[in-house]
Enquirer: 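Okay, handing you the structure first.
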Amino acid sequence: MSQTTYHYLDIGRLGRGEVLNLFLKDASISAKDTRYPWDESWPAKSAELTQQGLTRTGLLPALEYEGKIYTQHIPTLRYLARELGAYDGETSFEKYIVDAVADVYIDWRSQWVAALKGASDEYKNKVVPDYYKVVGGYYAERGGPYLLGNRITYVDFAVYQSIDNERRTGTLPESLPESLVKLQEAIEARPNIKDYIAEHK
């Protein structure tokens with residue numbers, strides 16, 4: 001069996017690649033961690049990785065897993081959840097809820113990336129509060145700490161990472177819905193995640 005290798009930018013705990021990284025840690029999937037500098041060398045390296053077939057879009061993360069290459073972090077998470085028979089809903093309705101929140105996260109993420117060059121007042125005062133209100137509502141409906149109650153799913157890592165990213169970029173609201181505070185605490189208490197966070201603050 002080929003070695004599992006995780007490819008991402010060397011930007012610490014920021015970005016979508018960290019969602020996949022947290023999932024791999026939690027699922028105890030051992031992977032070689034390969035990072036690339038995010039500097040003036042990246043455009044040439046991106047083109048090289050595209051030519052090699054490691055990425056179709058020139059973007060990362062990419063995961064080499066069981067002889068195949070997976071890109072696009074949310075579809076990769078869905079695939080891994082299916083392969084593992086865990087980290088997803090059990091009924092069609094539960095899977096719909098997980099996918100729906102994943103779509104809300106994807107919409108937020110595109111605006112967060114745009115705000116990295118300078119967060120506008122609209123982003124800080126409307127986009128961010130609206131995102132957490134909507135997502136927090138989904139979590140509150142099932143009592144948490146995870147989206148489906150006591151069963152963790154792949155989207156919980158994405159929502160957690162959105163909170164962590166906003167904190168690191170200084171755009172996290174002063175207060176979060178209680179349901180998301182519970183999610184954050186639950187994720188950070190998971191043994192593999194707790195150990196990883198302790199080493200990579």
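Quick note: numbers below take in every heavy atom, side chains included, and nothing from hydrogens, waters or symmetry partners. Nothing here was measured: the structure is a model prediction, and the numbers come from that model. Positions are given from 1, in the same order as the sequence printed here.
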Enquirer: Rounded to the nearest 0.5 Å, what's the gap from CG on Leu20 to CD on Gln161? Could you check?
Expert: 11.0 Å

Enquirer: Might you confirm whether atom CZ of Arg35 has over 12 heavy atoms from other residues, nucleotides or ligands at distances under 6.0 Å?
Expert: yes

Enquirer: Between Tyr139 and Leu147, which heavy-atom pair has the shortest distance, and what is it?
Expert: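 Reported closest heavy-atom pair: CE2-N, 3.1 Å.
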
Enquirer: Ignoring hydrogens, what is the shortest heavy-atom contact between Ala186 and Pro145? Give both atom names and the distance.
Expert: CB-CB, 3.5 Å

Enquirer: Please report the interatomic distance CH2(Trp112) to OG(Ser162), rounded to the nearest 0.5 Å.
Expert: 10.0 Å

Enquirer: What heavy-atom pair brings Tyr160 and Ile197 nearest, and what distance separates the two atoms?
Expert: OH-CD1, 3.5 Å

Enquirer: Do Leu63 and Leu84 sit in the same hydrophobic cluster, where Ile, Leu, Val, Met, Phe, Trp and Tyr count as joined when their side-chain heavy atoms come under 4.5 Å apart?
Expert: yes

Enquirer: Count the heavy atoms of every other residue, nucleotide or ligand shown that sit under 6.0 Å from CD of Gln51, and state whether that count exceeds 12.
Expert: no

Enquirer: Is Trp108 reachable from Leu59 through a run of hydrophobic residues whose side-chain heavy atoms are each under 4.5 Å from the next?
Expert: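 No, because Leu59 and Trp108 fall into different hydrophobic clusters, even though each may have its own neighbours under 4.5 Å.
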
Enquirer: I need the minimum non-hydrogen distance between Lys194 and Glu188, along with the two atoms involved.
Expert: CB-O, 3.4 Å

Enquirer: For the CG atom of Leu49 and the NE2 atom of His7, what is their distance to the nearest 0.5 Å?
Expert: 8.0 Å

Enquirer: Kindly assign one of parallel, tilted or perpendicular to the pair Tyr87 and Phe23, based on the angle between their ring planes and the thresholds 30° and 60°.
Expert: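 Tilted, since the angle between the ring planes falls between 30° and 60°.
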
Enquirer: Contact between Tyr65 and Tyr6 at the side-chain level, heavy atoms closer than 4.5 Å - yes or no?
Expert: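 Side-chain contact under 4.5 Å: no.
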
Enquirer: For the residue pair Asp33 / Tyr8, report whether a side-chain donor-acceptor contact shorter than 3.5 Å exists.
Expert: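 Side-chain D/A pair, Tyr8 to Asp33: absent.
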
Enquirer: Give a yes or no answer on whether the side chain of Asp26 reaches the backbone of Leu22 with a donor-acceptor pair at less than 3.5 Å.
Expert: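 Checked: no pair found.
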
Enquirer: Find out whether Tyr105 and Val19 are in side-chain contact, i.e. whether some heavy atom of one side chain is under 4.5 Å from a heavy atom of the other.
Expert: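 They are in side-chain contact.
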
Enquirer: Does the side chain of Ile163 reach to within under 4.5 Å of the side chain of Tyr132, using non-hydrogen atoms?
Expert: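 Yes, close enough: below the 4.5 Å cut-off.
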
Enquirer: Is there a continuous path of hydrophobic side-chain contacts, each under 4.5 Å between heavy atoms, that joins Leu54 to Trp38?
Expert: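 In one cluster with Leu54: Trp38, yes.
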
Enquirer: Would you name the heavy atoms of Ala102 and Ile74 that are closest together and state the gap between them?
Expert: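 Residues Ala102 and Ile74, closest heavy atoms: CB-CG2, 4.2 Å.
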
Enquirer: Starting from Tyr123, can I reach Leu116 by hopping between I/L/V/M/F/W/Y residues whose side chains sit under 4.5 Å apart?
Expert: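 Yes.
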
Enquirer: Salt bridge or not between Lys45 and Glu48? Use side-chain N to carboxylate O under 4.0 Å.
Expert: yes

Enquirer: CD/Glu166 to CG/Leu172 distance, rounded to the nearest 0.5 angstrom?
Expert: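 If I round to the nearest 0.5 Å, the distance is 6.5 Å.
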
Enquirer: Do Leu176 and Phe157 share a hydrophobic cluster, counting only Ile, Leu, Val, Met, Phe, Trp and Tyr and linking them when any side-chain heavy atoms are less than 4.5 Å apart?
Expert: yes

Enquirer: Ser46 side chain to Trp42 main-chain N or O, any donor-acceptor pair under 3.5 Å?
Expert: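 Absent.
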
Enquirer: Determine whether Leu183 and Tyr146 make a side-chain contact, defined as any pair of heavy atoms from C-beta on separated by less than 4.5 Å.
Expert: yes

Enquirer: Taking Thr76 for the side chain and Thr71 for the main chain, is one N or O donor matched with an acceptor at less than 3.5 Å?
Expert: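 Side chain of Thr76 to backbone of Thr71: a pair is present.
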
Enquirer: Return the CD1 to CD1 distance between Ile187 and Ile152, rounded to the nearest 0.5 Å.
Expert: 3.5 Å

Enquirer: Evaluate the side-chain proximity of Asp99 to Arg78: yes if any heavy-atom separation is below 4.5 Å, no if none is.
Expert: yes

Enquirer: Looking at every non-hydrogen atom in both residues, tell me the closest pair between Phe93 and Arg142 and how far apart they are.
Expert: CE2-NH2, 4.1 Å

Enquirer: OH of Tyr79 to OH of Tyr154: how many Å apart, nearest 0.5 Å?
Expert: 15.5 Å

Enquirer: With a 4.5 Å cut-off on side-chain heavy atoms, are Leu14 and Leu9 touching?
Expert: no

Enquirer: For the pair Arg167 and Asp164, find out whether any cationic side-chain nitrogen is under 4.0 Å from an anionic carboxylate oxygen.
Expert: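 Asp164 and Arg167: salt-bridged.
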
Enquirer: With sequence neighbours left out, what residues match Tyr196 under ring-ring contact (aromatic ring centres under 6.0 Å, His included)?
Expert: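 In terms of ring-ring contact (aromatic ring centres under 6.0 Å, His included), with neighbours along the sequence ignored, Tyr196 is linked to His200.
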
